[in-house]
Enquirer: 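A single structure is presented below for examination.
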Amino acid sequence: MSLFDRIPPAFRLSRFRRDRRRDVEEEIDFYIDMRTQELVESGMDEKGARRAAQAAFGDRGRIENDTLQAPVARGREGELVGSFVRDLGQAIRSLRRRPGFTLTILGTLALGIGGSTTMFTVVNSVLFQPLPYPAPDGLVRIYETNSRSTQRSLAPLNYLDARSGASGIEHLAAYRREARNLVGDGEPERLLAGNVSANFFAAFGVPPQLGRTFSLAAAQPGELRFVILSHDLWTRRFGSDAGVVGTDIRLDGETVSVAGVMPPSFRFPEGVDLWVKALGDVPEAGPGGPLDHLEMRDAWYFSGIGRLEDGVSLASAQAELDVIATRIQDVDPENNAETGFRLVPLHSATVGSARGSLLLLLGAVGLVLLIACTNVANLMLVRATGRSTELGVRAALGAGRGGLLRHLVVESLVLGAAGAALGAALAYWGSGVVGRAAVDSLPRALEVGVDGWALFFAGGAGVLTVFLFGFLPALASSRTHPRDVLTARGSGASTTGARRLRGGLVVAETAIAVVLVLAAGLTLKSVWGLSQVDLGFETDDLAALPFMVPGAADMAEDDSRALYLQVVERVRSVPGVESAALAMVGPAGMGWQAGLRVEGREYDSNNPPIVARQMVSQNYFAGVGIEVVRGRGFQAGDGVGGVPVAVVNEAMAELVWLGESPIGQRINTGLDGMGTWVTVVGVAGDTRNRGPVTPVAPEYYRPMNQAPPSAAVGMAILARTTDEGRMPLPEIQQAAWSINADMPFYNVRVEDGIAAGYTAGSKFMLGLLGLFALVALLLGAVGIHGVTAYSVEQRRQELGIRAALGADRSSISRMVIRQSVTVVGLGLALGILGALAASRLMQGLLHEVRPTDPATYVLVALLFLGVAVVSALVPAFRASRVDPVSAMRAQ
Amino acid sequence: MSGSNLYTGTLDLLILRALRSGPDHGYGIGAWIREVSGDALSVEEGVLYPALHRLEGRGWLQSHWGKSESNRRAKFYGLTAAGEKACASETERWNQHTDAVARVLGTSSR
């Protein structure tokens, strides 16, 4: 037997198309030919033999028919495959005949599966996929802790102690983000650089794409430093030219050499364009920050990351660090009496903050999928009952129940597969969009991409939807007994049970849609509230433009100051600029932090107040719109030779002087130089320097004329444009470049203005939730409309009778609308109950909005009732137009 | 369908017996029957085919297309396991039946 013959007949593919009649004809031809041959061999001539053979065979026509009528074997060749293919063709044809139904279901499935797969992709890529480094579970972040914070930056000497003492950590590396200017060919560009210790890349273990990573020897002052480019920077700025490795580039005033390029998957810290090897064992703080950084235990300014040794658990490494911390406490009780260390796996450190909102969004989109499923179920039920006549006739003609069922299953499978494919395509596009849009608000946003899991999810969603919501109605309808159908009245096909089920489905999907819309509404209110928060300064038309004067570190203090002031003068003269001031970072952020001493007070060595410090131009408060609530701002007399002065913010005044006037008090932080006592001359209003919600950090300001501008970090121009709106960035840049052609600006987000940065994260959440809510609302409306329209159609007779009995049109249409509103009202009530029960889930994500906010609930309720009315309008109109005569005549 | 129940039952049994020694095509089966029965049983030779298809539908025969001795495409029939059992039981039934008829015919008078 050949291989073909080994396949059970039912599954053989090649013969299924053959017409059975042709098979039989061929069989009989064979018989007659052989019989003819037999007769020829016995002596007859060809013609005579054939005639005799045919005569011996008998009445060929009748025999052929008898043969064809013989009951077909179940194991007949190609039967299963053949019938499946036939069912497939039939299903496709019958779907094409009802384009409205088919398109609605496909659209619903595509939206539901596409949306949920997109969200699943995001959640999977960010939360579940391991980080793109070798053995990522061994990577840990290290923080310092004290009684006030569990997530502090590291101090140099503490870090070095930890590095040498923790044998359980193989490479304990340090890193810090800093801004560097790339100058040379092309426009100067401000880059985000990672200033990293020599063992940084060793900790990750990711091989470079080109060249090499850093050697483990620390860089020494005076020698050529090396940098490593990120893949993005390499493609964007250096045109993916492999020859850039080994060449020199200029960062600010420094010439550095390019040692290598990292692959595109390596992006740590996020957003960094290139990595610079630190001078010495720890990242430099830079001029303007603490000096002699290597000897310090009282300035905390960089971050740590390490890799656990093979076989070492986090707990045991943590225990080692705890011992080291105790030693540090003993060695330096003045600054480090409460110092501790804390290890956190890199994965949770990176994505932990997003976990809550992502899972919430996943839940939300799951609800959308559910709504899509109920719509599909409804549509399939409607179709099934609508076809029960057809099915009943088929059943009467002898099609087995199995055959009917199979046909319906195949139809569901076709729809499910097509819907899942559409959904997967939608997810592919959607996850790209979401990933790009969320770069600023979501960790690992750039790693979002459809992978095997996402496709599996889409396929699974499609299969589940089809079988739970398509197959079950099919099952229910296949119980149709021919007798019931053929003798029933026209409306008998929609049994009470089916009608109740459909009504129940609409109630269910309305309830789910209500929950989603409520969530979106609450988030909207929260975001709006956030955007209304008084930031403490005038935000209209104000932008912060950070920039640097390269080489300022090497200039004399007076010269670099003069240069900065020159720039600001030029900018002020640009048409369209109303005012320009200078500050280290501006009102939305804060400057360097250090411990505070107040003259005449006991220095609390265990817990010095930590305050931030910024240098600002003389016109800063006026230019930015900060109110000086006590004393004065800076004036012309606050110059180099004068008394060192400072203005504190209200938070600092409250923290240090507890409401009493600080005017005249003298303060000292290491940032002004260890011996310098600065006199407080005024108190300025708070600005939200740590985000819109976090309590304001205590901060004080020093006039630029007295304090050297931070040459490493640069300064920011706070420019306010006139009401015409557009920020004349090119003109401002030209103004700056007219002084020094190498001065780059960091020009992302300038157009949004300073206030936009506050709400980016919440806007992401709102955007997605709002989208889901909108889809849910749409699907819900489609569902309500469909069910109402069908119910009107089924009740044509009844409506015709009513009309004949004298009911006027408007009362009929009102009746239809009223029924729609009732169903929706029920769903609304259920949804509100559900939302109230789940309100705790939303608590953490809302800002100053109660999850049970009544105004939102009322608005949403009105919205849904409106939707109910609008969705029912067309069917109601149709109902009122039913012609009594034709309605009663039609069966 | 032509033929009495008795006749079609007989033909079925003959077909089953014909295939006891292995699969064959329709012509071969018919030739065997004609040979073994001495051409006595063929009224219309073609009635073989409805019988073959009916037996296949009942699950006693299975078929496949193959190559005949003269290398022509032909449909071959063979006994299934059920068919073999049926052959034995139908033979038994036939024997009982003919014994009974013989007894009836063998008694004298009438």
Enquirer: Checking A:D59 against chain B: side chain, backbone, both or neither under 4.5 Å from a heavy atom?
Expert: both
Enquirer: Go through B:R54 and A:Q69 one step at a time and tell me if the side-chain contact (heavy atoms from CB on, under 4.5 Å) criterion holds.
Expert: CA-CA 9 Å; B:R54 192 171 19 90; A:Q69 274 180 25; over 6 Å; no
Enquirer: Hey, can you tell me if A:F30 and B:Y27 have their rings parallel, tilted or perpendicular (30° and 60° cut-offs)?
Expert: perpendicular
Enquirer: Under the side-chain contact (heavy atoms from CB on, under 4.5 Å) rule, what do B:S70 and A:Q37 come out as? Steps first, then yes or no, please.
Expert: CA-CA 11 Å; B:S70 46; A:Q37 191 62 33; over 6 Å; no
Enquirer: side-chain contact (heavy atoms from CB on, under 4.5 Å), that's the test. Do A:R62 and B:V47 meet it? Break it down for me.
Expert: CA-CA 10 Å; A:R62 197 205 78 235; B:V47 298; 4.2 Å; yes
Enquirer: Quick one, B:Y49 with A:E64, criterion side chain to side chain donor-acceptor pair (under 3.5 Å). Give me CA distance, side-chain angles, the key distance, then yes/no.
Expert: CA-CA 8 Å; B:Y49 281 93; A:E64 266 187 23; over 6 Å; no
Enquirer: Any ion pair linking B:E44 and A:R60 (charged N to carboxylate O, less than 4.0 Å)?
Expert: no
Enquirer: With side chain to side chain donor-acceptor pair (under 3.5 Å) as the test, pick out the partner of A:E26 among B:R72, B:R73, B:K75.
Expert: B:R73
Enquirer: Between chain B and each of A:D33, A:I28, A:V24, count heavy-atom pairs under 4.5 Å; write down the option with the most.
Expert: A:D33
